[in-house]
Amino acid sequence: MDCPWNELSLAFSRTSMFPFFDIAHYLVSVMALKHQPGAAVMAWRNPLSSWFTAMLHCFGGGILSCVLLGEPPLRFLANNTNILLASSIWYIVFFCPRDLVSQGYSFLPVQLFAVGMKEVTRTWKIVGGVTHANSYYKNGWIVMIAIGWARGAGGSIITNFEQLVKGCWKPEADEWLKMSYPAKVTLLGSVIFTFQQTNHLAISRHNLMFLYTMFLVATKSEETFSRRPLPDSCPFVRTEAQASSWTSRCQGLGLAKKGIWGRLPLVPLQ
Amino acid sequence: MDCPWNELSLAFSRTSMFPFFDIAHYLVSVMALKHQPGAAVMAWRNPLSSWFTAMLHCFGGGILSCVLLGEPPLRFLANNTNILLASSIWYIVFFCPRDLVSQGYSFLPVQLFAVGMKEVTRTWKIVGGVTHANSYYKNGWIVMIAIGWARGAGGSIITNFEQLVKGCWKPEADEWLKMSYPAKVTLLGSVIFTFQQTNHLAISRHNLMFLYTMFLVATKSEETFSRRPLPDSCPFVRTEAQASSWTSRCQGLGLAKKGIWGRLPLVPLQ
Amino acid sequence: MDCPWNELSLAFSRTSMFPFFDIAHYLVSVMALKHQPGAAVMAWRNPLSSWFTAMLHCFGGGILSCVLLGEPPLRFLANNTNILLASSIWYIVFFCPRDLVSQGYSFLPVQLFAVGMKEVTRTWKIVGGVTHANSYYKNGWIVMIAIGWARGAGGSIITNFEQLVKGCWKPEADEWLKMSYPAKVTLLGSVIFTFQQTNHLAISRHNLMFLYTMFLVATKSEETFSRRPLPDSCPFVRTEAQASSWTSRCQGLGLAKKGIWGRLPLVPLQ
């Protein structure tokens, strides 16, 4: 109980996200928006549209979870302080004289620091989503997983949908729901925290939050440091590759033995 | 009151849909999904996406009615038993060794039986939707019709929308809201049950449910038996053909007499 | 207090929109729909789809504000009287023998009158939206602006979205959220009434309603009279042109002096 580790993780789990971690989250989200082709020009030509997209990037997860739970999607606008904070960051990122913010952000240590802090907010969002869903549906563990996932990684779904409406994104049929790395890791976290919430996992929540956050920050920092999407050495990719090869071996066997799978065109399953 | 007919229909109207009729509904819905081109390959490459689409096929009507009434669209996920049931059926349909389920389903008597049971659930859904909407809006008979219709036939709207988002369906302007046969017959049922609910129809509900279900099962079985979309002899098609020919005659007359309709290009109205 | 001006504006602010102003609103909305290419043919071929689109045109703002506040979007259907009124107007506009209604509407004084009355309903909607949002979120002035704006001008967003789903509208990336004149003027009104609601504007609401309505009716009548979109002499266009020229001068300077803006392709900023 009183060991220093426990105290550390308890203190960590009580950290407030506002303002510094929220600022990091807004900064990383808006910078991701700015690096999209055409976004900078767009902000000059149609500031309202750019601001709206930036808000979707910053608050997308919360909006999606509100929609899924039948709550007002505008609720996020009621938090005037956070809106003003995110709007200020949108403003200085896009309109700062001499593009100082972008230049500062391209300095690697700054970026690592911001990205790490953003990943911390992800844990808080997942936990918030899971407990919020739990207050609605006592035993609805599928709902808890879904809401935790939506709040932690829903921003990308909302912004993809916005791009679809705008007409600047055409989805390929087999890209749909092909989850990105953050989506997968958020789903994993959502499952873990749901099991913790329903007492199927014998670990206290603050310890779990600490461990999961460390895992998030470490993998994301490594990805940022190597400046490319997570390498093949990451656990998911390896597990999936094995699953795929196993699957295709099964398919191959079935085809060879019985021909029943013949109606299923053999596709490379990487 | 005590005549055997009345007792039969009363007992029928108290039948529980869970589990057998629900299973038939899930089976028919997932088989319809599997017969879409590319769905089987998709399930191997991206199981999560396939599972999600299958859930939309199974619970689409409920989701649409929740959205329209401002209730949480995730509510269907709170019913763990039904989710697990539908997921199991999705699993055995797509991943059963040697495709046994599909082969069994292609046997006509099995298919007739499943399709007939699925139509029974449609009546229950319409009645459920109408009474649910009635609890919200006492005299809102338009809302009652809309919700009964959404719950009974909304699955196809939801799945069409999903295909639109995925980019594998491009609607033609004049196909939009061109209702399929199930949509039409559900709308008819929704109107009938709404009138019954508002006491404009002097028939007890269990009798109406029995008659309407018999009508549904008979027409659907005939369609399945003849293995093609409902023939031209169906009542709707004949009525509509007459209405169309009457309309075009009117148009033709107007054009011939006054030329006022000249601005309306004459189109073949089949 | 008792000056005649005050009494006049007070009486004006208590005018009921039902039925005459509502009728004018429905008439103008449905006529706007009818003037879209293909809408008249569509109404003959697929009346249900046409009726649905007409309802979206008439009640779009209310639906959007319901969606944003997490209320049932079907609530508008619960008002049977208004639905029947709008449906009747849709019917006589599209199916009136000899197209009498369209011909009558093309007579300029009738059109001016209808358009003027429709603009009056806009004020009522903005005020209704702002006060409604205020009852949800006491200090959420951003929500109040958004809801007032959605209710006053949301119809066009809803109908654009419907056209997108139907596939007969492809948005250009830089047209998105490029606001039309009504959208801008509604946003202005929404901001003004929100400030009035939060007591930051020392003017009584009925006076503000009167003044704003007069402004709306005057500008809209001028636009209708000259039969073209609002001329360059309108205040917004001039202000924006100045802002644009100022912006591009800034950009030009920055480019000339430091070259930092070089990554931002210079675009003509009309």
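Just so we're clear, the structure is a prediction, and the values are computed from it rather than from any experiment. Lettering follows sequence order; numbering is per chain, from 1.
Distance CD1/C/I145 to CG/A/L77: 10.0 Å, rounded to 0.5 Å. Atom CG of A/L74 is separated from atom OH of C/Y137 by 7.0 Å, given to the nearest 0.5 angstrom.
Few gaps surround CZ on A/F21; more than 12 heavy atoms of other groups in view lie less than 6.0 Å from it. Atom CG of A/N139 is surrounded by 12 or fewer heavy atoms from other residues, nucleotides or ligands within 6.0 Å. The local environment of OH in A/Y136 is crowded, with over 12 non-hydrogen atoms from other residues, nucleotides or ligands closer than 6.0 Å. Heavy-atom contacts from other residues, nucleotides or ligands closer than 6.0 Å to CZ of A/F18 number more than 12.
Counting all heavy atoms, side chain and backbone alike, A/P73 lies closest to C/G70 at CD-N, 4.0 Å.
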